[in-house]
Amino acid sequence: MAHLDQLAERLRNATSVTVLTGAGVSAASGIPTFRGSGGLWRNFSATDLATPRAFARDPVTVWEWYAWRREQVASCSPNAAHEVLARWTQRRNSWRVVTQNVDDLHIRAGTLDLVRLHGSIFDLRCWNHCDASPRSWRDDRVPFPEMPPRCSQCGGLARPGVVWFGESLDPADVKAADALTACDVFIAAGTSALVYPAAGFLLEASAHGAFTVELNTETTDATGSVDLAIRGPVEHTLAEVDALL
Ligand code: BV8
C-alpha cells in the first residue's frame, strides 16, 4: 500500500500528468499482448507480421492477422484501467494519455485528446498511396465484406492504418508526445518499454524532472530507471490509486 500512497501523494500535488500506455493496459479486456503468452498467432510473432516487408510478401496473411485482431477488439470492452485514465483526462485538462495501442479502447472509454503513436486498427490506407484516396479512412466493418480490403479509389490493396516496424511515426504525434513529457508525473503503464521511439519518452520525461512511475506485472528494461515501480495488474493499481485521490 505504501507505493500506492506514494503515487497518490504525487498525483494530488501534480498539475500535469502524462500516462504512456502499452498492450498491458488492454490485456484485462481480453486482447493478447505482443510479447506475453497470448501474443502469438499461428506461431507468428507480431514483429514478423507488423512490417511493410511482410505485407508486400504476403498481404493476405497479414490481413488475416489484423482481421482476427479487429474481431477481438470489436468484441471486447474497455477495462477499469481505460475507465480511470479517461476520467483523469476529463477532470484535469493537463492530465493526458499517449498510447502505443492500436485498439480503440481508450477512445471508447472517453479519453480526451488521446495521442495515438501507432495509429488505429480500424483505419485503412491505400497501399499504393494513390492521389485520389484520403491519407487514411475509417472502416470498422467486422468482418470485411472482401478480403483483402481494397482502396475504393484506385481498386488496389488497402493496408492497415497503423505504424509498422521500420516505419516512421507521424511527426505531429511525436511532437505531441514530446510536449507531454514536460510534466510533473510520467507513468508508463502496461508496456515492455522495448519499442522506440515510444520507450524513449519515459527517459525524456525523467530528463525534464518528472517523477517517473512504472505500472506493470513484471520488471522491464525501464524498471531500474523509474522513481517508483508498482508491480501488479494495471487495471487494479490504477483503480486503487484513483480511489486514494
Ligand atoms: C521508427 C502498431 C524510425 C502495429 C507497433 C533497435 C533499437 C531501437 C529501435 C529500433 C531498433 N531496431 C529497430 C528499431 C526501431 C523499431 C523498434 O523499436 N524495434 C524494437 C522491437 C527494438 N521501431 C520502429 O520501427 C518505429 N519506427 O523507429 O521509425 C525508423 C524508420 C526506419 C527504420 C528504422 C527506424 C515504429 C514502431 C511501431 C511498431 N508498431 N504497433 C500493430 O499494433 O499491429 S508496436 C507494438 O509494440 C504495439 O503498438 C505495442 O503496443 C508495442 C509495444 O509493445 P507493448 O505495448 O509494450 O506490448 P508488449 O506486449 O511488448 O508488453 C506488454 C507489457 O504489459 C509487458 O511488459 C507485460 O508485462 C505488461 N502487462 C501485461 N498484462 C498487464 C501488464 N502490465 C500491467 N497490467 C497488466 N494486466
Side-chain angles (χ1 to χ4, degrees), residues 3 19-41 44-55 59 61-70 72-73 76 78-85 97-106 114-125 136 159-171 173-174 177 187-203 213-224 226 229-241:
H3 279 176
V19 185
L20 171 71
T21 64
V25 161
S26 297
S29 297
I31 298 178
T33 62
F34 275 68
R35 295 168 182 83
S37 52
L40 289 180
W41 173 80
F44 285 109
S45 85
T47 40
D48 296 339
L49 293 167
T51 70
R53 191 192 304 260
F55 190 79
T61 297
V62 174
W63 261 122
E64 285 174 348
W65 177 51
Y66 278 95
W68 174 72
R69 292 172 67 194
R70 288 163 56 103
Q72 281 191 311
V73 175
C76 69
N79 63 61
H82 299 106
E83 305 294 349
V84 166
L85 293 177
V97 178
V98 177
T99 191
Q100 300 172 84
N101 301 340
V102 296
D103 64 54
D104 60 348
L105 296 181
H106 282 305
L114 178 68
V115 178
R116 309 180 78 169
L117 294 174
H118 300 153
S120 163
I121 201 166
F122 292 116
D123 284 354
L124 272 63
R125 298 212 300 268
S136 73
R159 57 157 287 176
V162 300
V163 179
W164 278 327
F165 290 101
E167 293 186 318
S168 298
L169 280 64
D170 182 327
D173 294 330
V174 176
I187 301 173
T191 180
S192 57
L194 290 173
V195 173
Y196 285 78
F201 293 124
L202 176 68
L203 306 174
V213 182
E214 181 184 61
L215 304 180
N216 202 307
T217 45
E218 297 167 0
T219 55
T220 72
D221 284 5
T223 306
V226 294
I230 302 180
R231 190 67 36 74
V234 65
E235 63 275 14
H236 295 165
T237 45
L238 275 176
E240 286 158 17
V241 77

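Note that ligands are numbered from 1 as they come in the structure, with each ligand's atoms numbered from 1 the same way. If you read the sequence from its start, that first residue is 1, and numbering goes on from there. The basis for the numbers below is simple: all heavy atoms, side chains too, and nothing from hydrogens, waters or symmetry mates.
- Asn79 places a side-chain N or O within donor-acceptor distance of the main-chain N or O of Val25, the cut-off being under 3.5 Å.
- Not a single heavy atom of His236 sits less than 4.0 Å from an atom of ligand 1.
- The shell of residues lying under 4.0 angstrom from ligand 1, judged by heavy atoms, excludes Thr47.
- For atom 40 (N) of ligand 1, the choice among Val163, Thr33, Val25, Thr219 with the nearest heavy atom turns out to be Val163.
- Residue contacts with ligand 1: Ala23 is placed with a nitrogen or oxygen under 3.5 Å of a nitrogen or oxygen of the ligand (distance criterion only).
- The distance criterion of under 3.5 Å between nitrogen or oxygen atoms is not met by Val162 with respect to ligand 1.
- Close approach to Ala27 involves these atoms of ligand 1, each under 4.0 Å from a residue heavy atom: 73 (N).
- Residue contact check: Asn101 has heavy atoms under 4.0 Å from atoms 51 (O) of ligand 1.
- Taking any N or O of Glu235, backbone or side chain, at least one lies under 3.5 Å from an N or O belonging to ligand 1.
- From the protein, the heavy atom lying nearest to atom 1 (C) of ligand 1 is Glu167 O, 3.4 Å.
- Using a 4.0 Å cut-off between heavy atoms, Leu194 contacts ligand 1 through its backbone alone, with no side-chain atom that close.
- Near Tyr66, meaning under 4.0 Å from one of its heavy atoms, ligand 1 places the atoms 4 (C), 42 (C), 44 (O).
- The aromatic rings of Trp164 and Phe55 lie tilted to each other, with the angle between the two planes from 30° to 60°.
- In this structure, the side chain to side chain contact (heavy atoms under 4.5 Å, CB included) partners of Glu83, at least two apart in sequence or on a different chain, are Pro78, Arg87, Ala109.
- Dense packing is recorded around CZ of Arg231, with more than 12 heavy atoms of other residues, nucleotides or ligands lying under 6.0 Å away.
- A salt bridge is defined here as a Lys NZ or Arg NE, NH1 or NH2 lying under 4.0 Å from an Asp or Glu carboxylate O, and Glu167 with Arg159 meets this definition.
- With sequence neighbours left out, Ser26 forms a side chain to side chain contact (heavy atoms under 4.5 Å, CB included) with Ile31, His82, Asn101, Asp103, Leu105.
- In summary, the side chains of Thr21 and Gln100 do not present any donor paired with an acceptor at a separation below 3.5 Å, with no hydrogens or angles considered.
- Taking any N or O of Gly166, backbone or side chain, at least one lies under 3.5 Å from an N or O belonging to ligand 1.
- Of the candidates Gly22, Gly119, Gly190, it is Gly190 that places a heavy atom closest to atom 63 (C) of ligand 1.
- Under 4.0 angstrom from ligand 1, the non-hydrogen atoms of Val102 all belong to its side chain.
- At least one N or O atom of Thr191 sits closer than 3.5 Å to an N or O atom of ligand 1.
- Close N/O approach between Trp164 and ligand 1 is not found [any backbone or side-chain N/O within under 3.5 Å].
- Geometrically, Arg69 engages Trp65 in a cation-pi contact, judged by NZ or CZ lying under 6.0 Å from the ring centre and within 45° of the ring axis.
- The distance criterion of under 3.5 Å between nitrogen or oxygen atoms is not met by Ala50 with respect to ligand 1.
- In this comparison of Ser168, Gly161, Pro160, the heavy atom closest to atom 3 (C) of ligand 1 sits on Ser168.
- For atom 9 (C) of ligand 1, the closest non-hydrogen atom of the protein is Tyr196 CB, 3.9 Å.
- Ligand-side atoms of ligand 1 in range of Val234: 77 (C), 78 (N), 79 (C), range being under 4.0 angstrom from any heavy atom.
- Near Arg69, meaning under 4.0 Å from one of its heavy atoms, ligand 1 places the atoms 42 (C), 43 (O), 44 (O).
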